[in-house]
Amino acid sequence: MKCISLRTALLCASVTLTSACVTSTVDEMVFNEPLEGIGDSSVVILGRRHASDYDTEPDFIRCVGKHIASRDKTITVIGELEFINELYPWFEPRTAPLRPTDIGRLLQQKPVAEKMLALKTEYMIWIDGSTIRSDSAGSMTCAIGPGGGGCFGFGTWSDDSNYEATIWDFTDRAEVGRVNTSATGQSYMPAVVIPIPIIAPVQGTACDGIGDQLLEFLSSEY
Amino acid sequence: MLLSTTSASSCHSIRLLAVLSLLGMVVGCGPTRVVVDGNFPPPLIEPLPLTMGLWFDEDFSTHEFFDQSKSKSESSWVVQTGTAQVEMWDTLLAGIFENVTHMKGEPGPKQMNQIVDGVLIPHVEELQYAIPAHTNVKVYEIWMRYRFKLVTTGGETIAEWTMSSYGKTPTAFLQSDKEAVNLAAVMALRDAGANFATSFTKVPAVQEWLQQRGLASGEVTP
């Protein structure tokens, strides 16, 4: 029994030790919030991919979708790839609507209007942003020989996430809110024989931050 | 006797290891080869009431791009897009036109072929790629320029135009250069499909040809 407690304590200590700190800020601006939630309608979360030097990561979009769907099981979140494949070629970077008013023109296409009706999409959430790594410093040397191997050194880097979610009401063809989240954190990797990564979960924190705010908008339970 | 067998066996193993190492080194020196592979969804479009013939010449259906390395530290690249090109254009054009058929031979005055409204001949004129090692930007990019010819079964040119497409994908954890270049190429092919679907009826010579056939132009524009 004592052994199990000691193991648990060691595990907790190692988990605490191997996560570095993250600072996160969330700004929210919403109007026309649905009071009863979104009912049996569905929501789609899409990444903006128009910038030349970055792409909103598909992993981040999946993370936000999972965050919302796991916290409120009544909300149907359509997967990004599934949605853009179903509506190909209308949501590719070249053709995706940039303003809510563009939805009207899109719905003039009969097959698109029928598909949208079938998917029951009430809200479309566009997420724009990325996580960038900067301020990398330190060095590490690893060697391997007949008797074994090991590393020695120290590395550190900083991650910065900045994402903005824009919520479109599909029925009213209007923007009904914006949520902005930024997170920053420093990760470390000391190595004495074995490298020990102490990672700051910057993108995960940004995902939770934006997911919680979107839940407050979409869910009747939050 | 046993000793001699062991000695012969270990000698054989050393030889095998040496051959494998040499082979590994030779293979390691070869170009990085990417055979583009992806899923291409059918377009959600009201098809044009036309029977379109397709002619993919050998250059197109076996299209590959070779880039010789500029220094010893870089690798040469071979990007084979032919199979993916055929798959994507077959799927796309089958959705854009009511009937699509592959021609038996290249359209020309003496060539016996099926009866169609027109024959579309795509050609990849140029392909360029960029990886983070080239640009210091954390995205992989593929850019392509196509030349299309719309001809009669007799080979007379109805319209000829160029079209570009672009695909990019961000760097991702545990993603190799090959996987990223493949993903960027798939994005470029999808973009080519989106560009064609929204611009085909806007090509002036195609507009004129559609009007002659009693079809209003702009049927597939958003």
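Values reported hereafter were calculated over all heavy atoms of this structure, with side chains retained and with hydrogens, waters and symmetry mates removed. A, B, ... follow the sequence lines: proteins, then strands. Residue 1 opens every chain.
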Requested in this report: Verify the ring-centre separation between Y146(B) and W89(B): is it less than 6.0 angstrom?
Outcome: yes
Query - Between F60(A) and Y163(A), ring centroids under 6.0 Å - result: yes
Identify which part of [X] has an atom lying under 4.5 Å from any heavy atom of chain B, answering side chain, backbone, both or neither.
| X | value |
| --- | --- |
| A96(A) | neither |
| E114(A) | neither |
| I84(A) | both |

Query raised in the report: Measuring heavy-atom distances to chain A, does N39(B) have an atom under 4.5 Å in its side chain, in its backbone, in both, or in neither?
Result: neither
Query raised in the report: Which word best sums up how the rings of F196(B) and F97(B) line up, parallel for under 30°, tilted for 30 to 60°, or perpendicular for over 60°?
Result: perpendicular
Report task. Please name all residues satisfying side-chain hydrogen bond (donor to acceptor under 3.5 Å, both in side chains) with Y88(A), sequence neighbours left out, ordered by chain then number. Result -> none
